[in-house]
Amino acid sequence: MTPTQLTRQPASGASYFLRGFSLAFTPGIRRFVIIPLMVNLLLMGALIGVVLSQLSDWINGWLSYLPEMLNWLSYLLWPLLAVAVLVICSYFFSTVANWIAAPFNGLLAEHLEAKLTGKRPPDDGIADIIKDLPRVFKREWQKLWYYQPKALGLLLLMWIPVIGQTLGPVLWFLFSAWMMGIQYCDYPFDNHRVSFHNMKATLREQKGATMSFGALVMVFTMTPILNLFVMPAAVCGATAMWVDKYRDHLARY
């Protein structure tokens, strides 16, 4: 498959994510997918087991704090809280998985970009990967520190009866979609040493694409079976979006 065939531009950020599934299994790229895929299989398998076995008890426990006169709201709040729990847990497990797989996700993005642009792939060995670890994990810390205060504020909002429990899940989903866009778009940006601040500013300029990409990642992350394959597909989709939308004016090489 030629670079021109590989880089036909999808119409939206969500389309880039869907395209990532086919890109992840193109010849020459599959071998870089194995480790991120295995990490995601193990952690998302644990998510499915723990959350689905406890979800009903957790939500019924929270709803027990509703005043008796508002018990009728439980029929509305139960599905909203279920979505909120799935989003929160999915993001937590995805964050852990991305920390573990971060060096390999960066390698996957690097090699896919070379294939999409027709450039010579980088010749990185184990020593080069180890040398890059401090930079890679520093970047993960930056994402975590950006995420924490906003997530805490939303969690506090969700404890406010009725208003927080109704608005909170919706705001949490939107925020998580934005964070998923940042999480996966960051790999190609970081490969070119674009600062975290500049990356966020650039993604805001195309916020619709970033949000639609991240929202679909979130939906797939919350969906059993499909969530096992999200990580490599999201890295590949984000890399394709980088090549089409950002590379020309931000790439170092």
Side-chain angles (χ1 to χ4, degrees), residues 1-26 28-29 32-33 36 91 94 98 101-122 132 135-136 139-140 142-143 146-147 150 173-221 229-253:
M1 193 175 289
T2 67
T4 302
Q5 289 173 311
L6 284 167
T7 55
R8 286 195 202 101
Q9 291 193 27
S12 66
S15 298
Y16 278 103
F17 171 62
L18 293 175
R19 185 158 173 72
F21 283 95
S22 60
L23 290 172
F25 295 100
T26 54
I29 296 301
F32 299 103
V33 169
Y91 188 82
S94 294
N98 277 297
F104 306 100
N105 285 337
L107 195 64
L108 169 59
E110 198 170 37
H111 280 262
L112 178 61
E113 181 179 341
K115 191 170 187 70
L116 291 172
T117 56
K119 305 292 185 183
R120 186 169 176 236
D132 277 345
R135 190 198 86 246
V136 170
R139 191 69 163 219
E140 294 301 317
Q142 287 179 299
K143 284 182 270 191
Y146 175 74
Y147 166 79
K150 299 168 182 63
F173 182 87
L174 293 173
F175 172 61
S176 297
W178 171 245
M179 283 305 305
M180 283 294 186
I182 285 179
Q183 177 65 57
Y184 289 106
C185 289
D186 186 54
Y187 294 115
F189 277 83
D190 187 41
N191 283 341
H192 289 273
R193 311 299 191 266
V194 178
S195 72
F196 185 64
H197 173 78
N198 288 343
M199 180 203 65
K200 286 186 300 174
T202 302
L203 292 179
R204 281 195 193 99
E205 291 173 6
Q206 302 230 17
K207 197 165 187 177
T210 306
M211 290 291 290
S212 65
F213 176 89
L216 196 57
V217 172
M218 280 305 310
V219 170
F220 273 63
T221 301
F229 305 96
V230 162
M231 184 190 292
V235 174
C236 291
T239 303
M241 187 156 61
W242 154 268
V243 169
D244 289 345
K245 294 180 179 292
Y246 308 115
R247 188 181 192 280
D248 286 347
H249 60 282
L250 289 173
R252 291 178 66 232
Y253 52 83

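- With contacts defined as side-chain heavy-atom distances shorter than 4.5 Å, the pair K150/M179 does not qualify.
- Between L250 and T202 the shortest side-chain heavy-atom distance falls below 4.5 Å.
- Using a 4.5 Å heavy-atom threshold, the side chains of R139 and M199 count as touching.
- Two residues are said to be in side-chain contact when any heavy atoms from C-beta on lie closer than 4.5 Å; H192 and E113 meet this criterion.
- Note on residues 231-241: no pairs pass salt bridge (Lys or Arg N to Asp or Glu O under 4.0 Å), not counting sequence neighbours.
- Between Y246 and W242, the angle of the ring planes lies from 30° to 60°, which puts this pair in the tilted group.
- Take Y187 and apply the ring pair (Phe, Tyr, Trp, His ring centres under 6.0 Å) test, not counting sequence neighbours, and it matches no residue.
- Under the ring pair (Phe, Tyr, Trp, His ring centres under 6.0 Å) criterion, Y146 pairs with F196, sequence neighbours left out.
- Within the 4.5 Å cutoff, side-chain heavy atoms of Y16 are placed close to those of D244.
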In residues 229-238, what donor-acceptor pairs under 3.5 Å come from side-chain atoms, sequence neighbours left out?
none

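- Listed by chain and residue number, R19 satisfy the side chain to side chain contact (heavy atoms under 4.5 Å, CB included) test with S22 (two or more places apart in sequence, or in another chain).
- Both tests pass for K207 against the ring of W178: distance under 6.0 Å to the centre and angle within 45° of the axis.
- One distance of note links CZ of F220 with CG of L18; it measures 5.5 Å at 0.5 Å rounding.
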